[in-house]
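Just so we're on the same page: letters track the sequence lines, and every chain starts at 1. Just so we're clear, the structure is a prediction, and the values are computed from it rather than from any experiment.
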Protein chains: 2
Amino acid sequence: MEKVNNTSKRERILDVAEELFARHGFDGVTMREIANGAEVDVALASYHFGKKRDVFNAVFMRRADMLNQSRREVLYASEGKQQTLEQIIEAFLLPLKLAQETGDPGWRNYLALLAYIMASPVWSKEMMPKIYDRLVEEFIDALRGVLPGATDERIYWCYHYLSGALTLTLAQTGRIDRLSKGKCKSSDFESAYEYMVPFVAGGFRAVCGETK
Amino acid sequence: MEKVNNTSKRERILDVAEELFARHGFDGVTMREIANGAEVDVALASYHFGKKRDVFNAVFMRRADMLNQSRREVLYASEGKQQTLEQIIEAFLLPLKLAQETGDPGWRNYLALLAYIMASPVWSKEMMPKIYDRLVEEFIDALRGVLPGATDERIYWCYHYLSGALTLTLAQTGRIDRLSKGKCKSSDFESAYEYMVPFVAGGFRAVCGETK
DNA sequence: AGTGTAATTCAACATGCGTTGAATTCGCAA
DNA sequence: TTGCGAATTCAACGCATGTTGAATTACACT
């Protein structure tokens with residue numbers, strides 16, 4: 001198996017597909033563009049993964065398990081102990097820290113792809129239940145623990161707002177760069193994380209009542 | 001000019017394109033699907049609007065001016081008077097109330113299309129500066145007025161979270177329905193609006209300091 | 001060195017795409 | 001009723017698409 005730049009052709013296909021799908025969506029990318037970017041014949045992607053949809057699936061799944069497991073570990077790290085609202089939110093926002101710390105552009109591309117899927121009515125229904133929906137109920141449970149007086153309706157809506165703020169951040173559209181005239185940067189996940197935790201916590205407290 | 005169902009063929013093309021583009025994105029829709037949905041020959045869309053991209057543009061522009069003007073009016077309705085943080089946020093979330101009050105499915109489709117554009121790195125850069133970016137600076141100014149001690153960096157990030165929460169709401173992915181087992185509904189813009197105002201206000205106060 | 005299997009390329013297919021120019025129909029004014 | 005321009009359809013073009021089967025190369029094992 002030929003190797004170039006320390007990665008196999010198979011992985012290079014996934015890397016390129018990840019980046020292109022995140023930017024242009026499923027239908028905005030052709031098999032030939034993927035093959036071109038990976039410097040590979042167009043038939044090779046089909047050989048390894050099958051149909052175009054299977055390439056998309058393979059990209060989606062490659063980092064899904066790792067991310068989910070990492071998230072679960074953080075959430076249960078302080079199990080038994082008295083968790084704070086901020087700790088729970090931090091656990092949920094883990095992908096931001098993760099992408100920032102590794103510095104791997106592949107992770108940033110993957111998270112942008114996740115944002116594309118989250119915001120799409122069609123792909124959200126198709127992909128999110130496979131992996132990511134499962135853990136949400138555990139987050140909601142943790143939130144119920146620190147927001148004893150709140151109704152489920154309020155908690156789920158607040159979770160939805162959190163999810164939206166996260167999604168737009170991961171998408172890295174560059175709009176905040178333009179609007180703020182460079183004072184903020186889409187690529188600056190560290191700042192996004194730093195302000196997002198207190199923002200969301202403040203929102204939850206305003207809607208779901210006081211916490212201990 | 002032939003009329004059916006009180007709408008011209010030209011408008012029917014825009015209506016169908018609006019719905020399809022919102023669900024499947026620009027590349028996920030063909031001219032023939034649009035023509036089929038509008039019960040019209042495929043060449044007619046090109047005759048009226050030009051290229052496929054021009055159809056997309058026409059759909060985007062059709063309701064843009066109206067929405068922007070409506071927003072501006074609400075923002076300056078309480079000009080001079082002492083505005084509250086909540087009033088500013090309410091003005092920004094106007095599309096939610098608007099879509100809910102008219103009950104027009106066309107508006108819901110348009111707002112979903114707006115969400116698609118907002119979350120896409122490519123389309124966001126191309127479309128948002130045309131109309132929607134202009135008003136944002138006025139919102140930021142209003143926010144500065146009620147958050148005197150806050151840095152621009154903090155205000156822009158908070159605005160970004162607000163924008164994200166709104167975007168995911170407009171997208172109507174149906175995910176909150178599934179996660180909450182029916183307790184919340186993506187289509188329920190009234191509840192989304194009701195909880196979003198205090199959530200965002202609480203977030204701003206937590207990050208940008210106290211308000212009067 | 002030789003053999004078998006996986007990896008990769010080559011060549012080509014059927015199909016669907018956006019777009020266009022010519023032909024036809026419609027709606028209204030003279 | 002005739003004429004004329006706008007609206008609409010018809011037919012077809014050149015091209016790019018996803019996919020596949022056969023041919024070729026690379027590689028591990030004996």
Decide yes or no on salt bridge (Lys or Arg N to Asp or Glu O under 4.0 Å) for B:Asp152 and A:Lys183, but give the supporting numbers first. CA-CA 8 Å; B:Asp152 267 14; A:Lys183 292 194 185 98; 3.1 Å; yes
Set out, in order, the CA-CA distance, both residues' side-chain angles and the distance that settles salt bridge (Lys or Arg N to Asp or Glu O under 4.0 Å) for A:Glu126 and A:Arg53, then state yes or no. CA-CA 12 Å; A:Glu126 179 153 343; A:Arg53 177 162 300 230; 3.0 Å; yes
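For A:Lys52, no side-chain nitrogen or oxygen approaches OP1 or OP2 of D:dT17 to under 4.0 Å. Between B:His48 and the phosphate of D:dA6, there is no side-chain N or O to OP1/OP2 separation shorter than 4.0 Å. The side chain of B:Tyr47 places no N or O atom within less than 4.0 Å of a non-bridging phosphate oxygen (OP1 or OP2) of D:dT8.
Contact of the B:Asn109 side chain with the B:Asp15 side chain is not registered, since no non-hydrogen atoms from C-beta on lie closer than 4.5 Å. Between B:Tyr110 and B:Arg62, the closest side-chain pair of non-hydrogen atoms is not below 4.5 Å.
Ion pairing between a basic and an acidic side chain is recognised when a charged N comes within 4.0 Å of a carboxylate O; A:Asp141 and A:Arg144 show such pairing. A salt bridge links B:Arg63 with B:Glu18: the distance from a Lys NZ or Arg NE/NH1/NH2 to an Asp or Glu carboxylate oxygen falls below 4.0 Å.
Nearest nucleotide to the A:Lys51 side chain, out of D:dT9, D:dT19, C:dT19: D:dT19.
Look at NZ on A:Lys9: it is 8 Å from C1' on C:dA7, rounded to the nearest Å. If you take CG of B:Asp54 and P of C:dG18, they are 13 Å apart, rounded to a whole angstrom. When the P atom of D:dG21 is taken as reference, atom CG of A:Leu44 falls 17 Å away, rounded to whole Å. Rounded to whole angstrom, the span from the CG atom of A:Asp27 across to the C1' atom of D:dG18 amounts to 12 Å. Following rounding to the nearest Å, A:Ile13 (CD1) and C:dT8 (P) show an atom-to-atom distance of 8 Å. Whole-Å rounding puts the B:Phe49 CZ to D:dT8 P distance at 10 Å. We find that CZ of B:Arg12 is positioned 15 Å from P of D:dA7, with the value rounded to whole Å. Between the CZ atom of B:Arg10 and the P atom of D:dA7 there is a distance of 8 Å, given to the nearest Å.
Residues of residues 28-41 of chain A that place a heavy atom closer than 4.0 Å to DNA chain D, in numerical order, are A:Val29, A:Thr30, A:Met31, A:Arg32.
Qualifying ring pair (Phe, Tyr, Trp, His ring centres under 6.0 Å) partners for B:Tyr132, counting only residues two or more places apart in sequence or in other chains: B:Phe60.
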